[in-house]
Protein chains: 2
Amino acid sequence: MISEKTIERLSQYRHFLREFLKENVDHVSSSTLAERCHGQSAQVRRDLMEMGYRGKSTRGYDVEDLLAAIGSYLDRPGGEKVALCGIGNLGRALLTYFQGSLSNLQVVAAFDRDPHKTGRVIHGCRCFDIEMVEKVIAEQGIQVAVIAVPGPDAQRVADRLFAAGIKGLLNFAPTPVRVPPKTYVEHMDMTMALEKVSFFTRQLAPARGAPK
Amino acid sequence: MISEKTIERLSQYRHFLREFLKENVDHVSSSTLAERCHGQSAQVRRDLMEMGYRGKSTRGYDVEDLLAAIGSYLDRPGGEKVALCGIGNLGRALLTYFQGSLSNLQVVAAFDRDPHKTGRVIHGCRCFDIEMVEKVIAEQGIQVAVIAVPGPDAQRVADRLFAAGIKGLLNFAPTPVRVPPKTYVEHMDMTMALEKVSFFTRQLAPARGAPK
DNA sequence: AGGATACTGTGAAAACATTCACAATCATCA
DNA sequence: TGATGATTGTGAATGTTTTCACAGTATCCT
Ligand SMILES: NC(=O)c1ccc[n+]([C@@H]2O[C@H](COP(=O)([O-])OP(=O)(O)OC[C@H]3O[C@@H](n4cnc5c(N)ncnc54)[C@H](O)[C@@H]3O)[C@@H](O)[C@H]2O)c1
Ligand SMILES: NC(=O)c1ccc[n+]([C@@H]2O[C@H](COP(=O)([O-])OP(=O)(O)OC[C@H]3O[C@@H](n4cnc5c(N)ncnc54)[C@H](O)[C@@H]3O)[C@@H](O)[C@H]2O)c1
């Protein structure tokens, strides 16, 4: 099984390959790509090897071809339909963000329990009452969801989502959620992220006047 | 040097310890804590060992005492002042979020280049024009910043922040930024996160009718 | 008091991830 | 055409993180 780290880097390589494409660069070497990503060239080569890609040697990788290869490896053919639960401050920001970026991911349905927030169409995404969640997910065959409801509601909403057939979840609530086996969950904890930054900042740059 | 993973988990342990405290649980064993975190008890013990904590044996860890120990290890004494750049959809959501959660982190200044967004005070945080960034950061001695400006502006804003004396950065822009040595940056890439969920969802739960 | 119990702390093993280092490859050019 | 040089693909080495497994220790119970 391929490692999470490799998948993250492939997504990152794609980002930079798109930039290279815009700059009309048609070939990149592993070292050029590594430089942009702040990594090692051997890492780049090994990652591509992991996904079974073989570049034409001596000229580096063909940007367009490699982009296509990463795409066909990472992306669900036909696009990944995503459900969003919680249309509050964060939920609305996420909607704007994901609908704006042209990508393989498309938020096709959003859910909230507040009737003021449902019934509309935001950025091409229909907003439903949370009570519709099972029906809409089944009808559309949605497999991936995002949770942006308050912490205390997160587990309950997650349970409903998995019961409805969701297989993968991106959770923004501060509470980690328990999920059934054979499903995948990613927890984006911004407090943790900022605490980490705060901690390592102190490690690297101790207070003014501190020793060594 | 302590590992990032360990710091992340310590932050997570803290979350659950607070819950235990609310439930009037006064002692937890490494295995109870591990269970909540979906991890191994040996991992918990080793993490606490890493930060130099010794529990009283046989009854597990004293919840209050351990919370205090994690706090004094992770948190900057007196609180960490944070600057936020970009008061758009995401920036405002983040402001609400961080100011709402009682924690050691406090967003004390926000910056934007749009004059409609500056001059106000949002959730106790003053909003300045980006041109004031050097002055405010120096005056307040801010060391940690969050970037929530559009991708194409991220590098420029980051450069200014580091020039102004910032040592740690949490970057929400989709473009990774280059930073000076002896500083720390964490890149929260939500597209990458969702792509990862999409990918592993397919690995674990292949399309209906797919083989095996 | 002494033995049973439940837990920690940690060395050592295992698993995993990264980096090194070099033979193999192929465009290019004299 | 054949030597040159840049670049890949990958086995092996190294480094890091997690897990195992158990000796040691404090508490509880009889
Ligand atoms: N705002 C941020 O920047 C931010 C950052 C990190 C994490 N978070 C987390 O993301 C979540 C949402 O944050 P927010 O700022 O958007 O909060 P919010 O209160 O603005 O929005 C929450 C939304 O969820 C809806 N909701 C509540 N219970 C529901 C349920 N059972 N089913 C469906 N919808 C329900 C509410 O009606 C509301 O619209 C919270 O868990 C928060 O901790 C937010
Ligand atoms: N909205 C989301 O949920 C989301 C999710 C992930 C990542 N992001 C990223 O976060 C960033 C912000 O997203 P957003 O949705 O809030 O965008 P937005 O356009 O709503 O807000 C951007 C803000 O930055 C300000 N700004 C622009 N250039 C600036 C500069 N040089 N100095 C100071 N301020 C400047 C703008 O005036 C605006 O207020 C983007 O990079 C986006 O890709 C957003």
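Proteins come first, then strands; the chains are lettered A, B, ... in the order of their sequence lines, and each starts at number 1.
B/Leu48 has its CG atom 13 Å from the C1' atom of C/dC7, to the nearest Å. In this structure, B/Leu33 places its CG atom 17 Å from C1' of C/dA6, rounding to the nearest Å. In this structure, A/Gln40 atom CD and C/dT18 atom P are separated by 11 Å, rounded to whole Å. For A/Asp47 and C/dT18, the CG to C1' distance is 10 Å, given to the nearest whole Å. Across the protein-nucleic acid pair, B/Asp62 atom CG and C/dA6 atom C1' stand 17 Å apart, rounded to whole Å. Atom CZ of B/Arg54 and atom P of D/dG24 are 14 Å apart (whole Å). Per the geometry, OH belonging to A/Tyr53 stands 14 Å off C1' belonging to D/dT7, to the nearest Å. The separation between A/Met51 atom CE and D/dG9 atom C1' is 14 Å, rounded to whole Å.
You'll find that the side chain of B/Gln43 is closest to D/dT19, out of C/dC20, D/dT19, D/dT8. Proximity note for A/Met49 (side chain, C-beta onward) versus D/dG9, C/dT10, C/dC20: the nearest is D/dG9.
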Exercise for the section: Let me have a per-nucleotide readout for nucleotides 21-26 of chain C, 5' to 3', with B, S or -, counting only protein heavy atoms under 4.0 Å. Expected result: B---BB

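Partners of B/Tyr13 according to the ring-ring contact (aromatic ring centres under 6.0 Å, His included) rule, which considers only residues two or more places apart in sequence or in another chain, do not exist here.
In summary, the aromatic rings of A/Phe199 and B/Tyr73 are positioned with their centroids under 6.0 Å apart.
In the displayed structure, A/His123 atom NE2 is contacted under 6.0 Å by more than 12 heavy atoms of other residues, nucleotides or ligands. The 12-atom threshold is not exceeded at CD of B/Glu64, counting heavy atoms of other residues, nucleotides or ligands nearer than 6.0 Å.
Relative to the six-membered ring of A/Phe20, A/Arg36 meets both conditions, a distance below 6.0 Å and an angle of at most 45° to the axis.
Taking CE of A/Met51 as the reference point, atom CZ of A/Arg46 lies at 15.0 Å (rounded to 0.5 Å).
Taking every heavy atom of residues 23-31 of chain A and every atom of DNA chain C, no pair lies under 4.0 Å. Scanning residues 3-13 of chain B for heavy-atom distances under 4.0 Å to DNA chain C yields an empty list.
Taking 4.5 Å as the limit, every side-chain heavy atom of B/Val82 sits out of range of all side-chain heavy atoms of B/Gln106.
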Exercise for the section: Using the salt bridge (charged side-chain N to carboxylate O under 4.0 Å, His left out) rule, take B/Asp47 and B/Lys5 through it: C-alpha gap first, then chi angles, then the decisive distance, then the call. Expected result: CA-CA 9 Å; B/Asp47 286 335; B/Lys5 291 285 190 69; over 6 Å; no

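By the 30° and 60° cut-offs, the orientation of the rings of A/Phe200 relative to B/Tyr184 is parallel.
Side chains of B/Glu195 and A/Ser11: a donor on one and an acceptor on the other come within 3.5 Å. When only modelled atom types and interatomic distance are considered, A/Ser103 and A/Ser101 share no side-chain donor-acceptor pair under 3.5 Å.
Contact check on B/Arg156 versus B/Asp153 returns a salt bridge, with a Lys/Arg side-chain nitrogen under 4.0 Å from an Asp/Glu carboxylate oxygen. A/Arg202 has no carboxylate O lying under 4.0 Å from a charged side-chain N of B/Asp75, or vice versa, which leaves the two without a salt bridge.
For the pair B/Tyr61 and C/dA6, the criterion of a side-chain N or O lying under 4.0 Å from OP1 or OP2 is not met. Close to D/dT17, at under 4.0 Å from its OP1 or OP2, lies no side-chain N or O of B/Arg46.
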Using nucleotides 13-15 of chain C, report all nitrogen or oxygen pairs with the protein that are shorter than 3.5 Å.
none

For residues 165-179 of chain A, dump all side-chain donor-acceptor pairs below 3.5 Å to protein atoms at least two apart in sequence or in another chain.
from     : atom 1 : to       : atom 2 : distance (Å)
A/Asn171 : OD1    : A/Ala173 : N      : 3.0
A/Asn171 : ND2    : A/Thr175 : O      : 3.0
A/Arg178 : NH2    : B/Glu35  : O      : 2.3

